[in-house]
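Remarks on the structure that follows.
Everything numeric here is computed off the predicted structure, so don't read it as measured data. Positions are given from 1, in the same order as the sequence printed here.
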Amino acid sequence: MSAESAPAVVPTPAAPAGRRLRAAIVGASGYAGGEALRLLSQHPLVEVTTLTAHSSAGRHLSEIAPHIDLGADLVLQETTVEVLRGHDVVVLALPHGESGRISAALRAEDPDVLVLDLGADHRLESAEDWAEYYGTEHAGTWTYGMPELPLATGPSQRELLAGAREIAVPGCNATAVSLALAPLVRAGLVDATALSAVLPVGYSGAGRSPKQHLLLTEAGGGARPYGVGGTHRHIPEILQNLRRAAGEDPSRRLTFTPVLVPFSRGILAVCTAPVAEGTTTPDLLAALDGDYGSEHFVTVLPEGVVPATQEVVGANTLRVGAAVDRRSGQATVIAAIDNLVKGTAGAAIQSMNLALGLPETTGLVRTALAP
């Protein structure tokens, strides 16, 4: 289903006719929560009425995010169930491992509230994978907020989001790599036992907490890899997405290396894999177009064109190009997203719209900022 054919606005238990939705953002002082706030401030059917934070509680919005105008200078409150009670939508922008407790309490009081978790707590289906990569108790699995993810069987991921009240928003790196590789793995065009991805990532992906290695004097003019050697927590999420898109295959392997580079926003996922005999660049592009040709927020670029991060800044879009190196026998697939929009907050709002029966594109744009 293309975005243009998304369902019309219909009343739902969380969207009573005649008033705007009341939304609360938990962790509004961070980059992810702040981006959700920025986007929701422009949503015609949502009113952000409550902001909460931890160390920033008690401060005014104008102190921590002067670029956002809600029409009122809200004070950030402590995060409690009492403060969050009575909202139609609650966005959780918390560190990994902290969403499970507050979301369980919220849902116990109000089963109709729509909770969007921007953290990792509810993304993984396997409790064993969660324990291996996060080291804590698994909080459970929610509906996955990636509408464009193709599925091997059953309804589309977009259809699964309709009516959902618990949505796990994907990881930003996982979004770029999963959408880049899923169609090619599904079509059998690449060797899925030898997948590789290197991702230049903007520093906003490291969060807003002050740390020495995030200072401009430390980061400027350099590149810093992290999560090297199969340790990055988005690996099981990506492999889970490929299983859901192409079916079970225990032989699938992914080498995944993100690299912090000195720009604020953006991910450029450079994915490579050996191609099947006789596979050409048009074959790769046809597979991508087959899954994404009608998608409003995914653009498959023509042969000879590859994306750049500056083409997606501020937009809820993924741009993807592909080529076959006939000398090495390798496919290169490159996807670009804004890690804070399509990689996080934009995906949350897109999924929120679907869950509430609103037009999928409401409050979101495809046009990027330049320069």
What do the steps show when you test Asp73 against His60 for side-chain hydrogen bond (donor to acceptor under 3.5 Å, both in side chains), and what is the final call?
CA-CA 6 Å; Asp73 194 8; His60 285 82; 4.7 Å; no
Between [X] and [Y] (side chain of the first, backbone of the second, donor and acceptor by atom type, cut-off under 3.5 Å), is there such a pair?
X      : Y      : value
Trp130 : Thr136 : yes
Thr279 : Val275 : no
Ser56  : Ala53  : no
Asn316 : Val365 : no
Thr281 : Val324 : yes
Ser351 : Ala348 : no
Arg186 : Ala245 : yes
Thr141 : Leu124 : yes
Glu35  : Ala32  : no
Thr231 : Val228 : yes

Mind checking whether [X] and [Y] sit in one hydrophobic cluster, side chains of I, L, V, M, F, W, Y counted as touching below 4.5 Å?
X      : Y      : result
Val306 : Val261 : no
Leu39  : Leu61  : yes
Tyr31  : Val312 : no

I'd like to know if [X] and [Y] make a salt bridge, using a cut-off of under 4.0 Å between side-chain N and carboxylate O.
X      : Y      : result
Arg123 : Glu237 : yes
Arg165 : Asp112 : no
Glu360 : Arg158 : yes
Arg265 : Asp338 : yes

Might you confirm whether atom CZ of Arg59 has over 12 heavy atoms from other residues, nucleotides or ligands at distances under 6.0 Å?
yes
Does a sphere of radius 6.0 Å around CD in Glu137 hold more than 12 heavy atoms from other residues, nucleotides or ligands, not counting ones at 6.0 Å or beyond?
no
Are any of the side-chain heavy atoms of Arg107 and Val115 separated by less than 4.5 Å?
yes
Minimum heavy-atom distance between [X] and [Y], given as atom pair plus value:
X      : Y      : answer
Pro302 : Leu285 : C-CD1, 4.1 Å
Val320 : Leu318 : CB-CD2, 3.8 Å
Pro183 : Ala287 : CB-O, 3.6 Å
Gly145 : Ile167 : CA-CG2, 3.9 Å

Candidate pair Arg19 and Asp88, rule salt bridge (Lys or Arg N to Asp or Glu O under 4.0 Å), full reasoning
CA-CA 11 Å; Arg19 72 168 176 85; Asp88 302 304; 2.8 Å; yes
Fit a plane to each ring of Tyr134 and His96, take the angle between them on a 0 to 90° scale, and name the class: parallel (under 30°), tilted (30 to 60°) or perpendicular (over 60°).
perpendicular
Please report the C-alpha distance between Val185 and Arg252 in whole Å, then the side-chain angles of each, then the deciding distance to 0.1 Å, and finally whether the side chain to side chain contact (heavy atoms under 4.5 Å, CB included) criterion is met.
CA-CA 10 Å; Val185 173; Arg252 245 172 239 138; 3.6 Å; yes
Residue pair Glu125, Arg244: steps toward the salt bridge (Lys or Arg N to Asp or Glu O under 4.0 Å) verdict:
CA-CA 11 Å; Glu125 297 170 349; Arg244 298 187 67 216; 3.6 Å; yes
Centres of the His232 and Tyr226 rings: under 6.0 Å?
yes
Walk me through it: do Arg319 and Glu311 pass the test salt bridge (Lys or Arg N to Asp or Glu O under 4.0 Å)?
CA-CA 8 Å; Arg319 290 168 61 82; Glu311 298 167 357; 2.9 Å; yes
Side chain to side chain donor-acceptor pair (under 3.5 Å), paired with Glu148, selected from Lys342, His296, Gln157:
Lys342
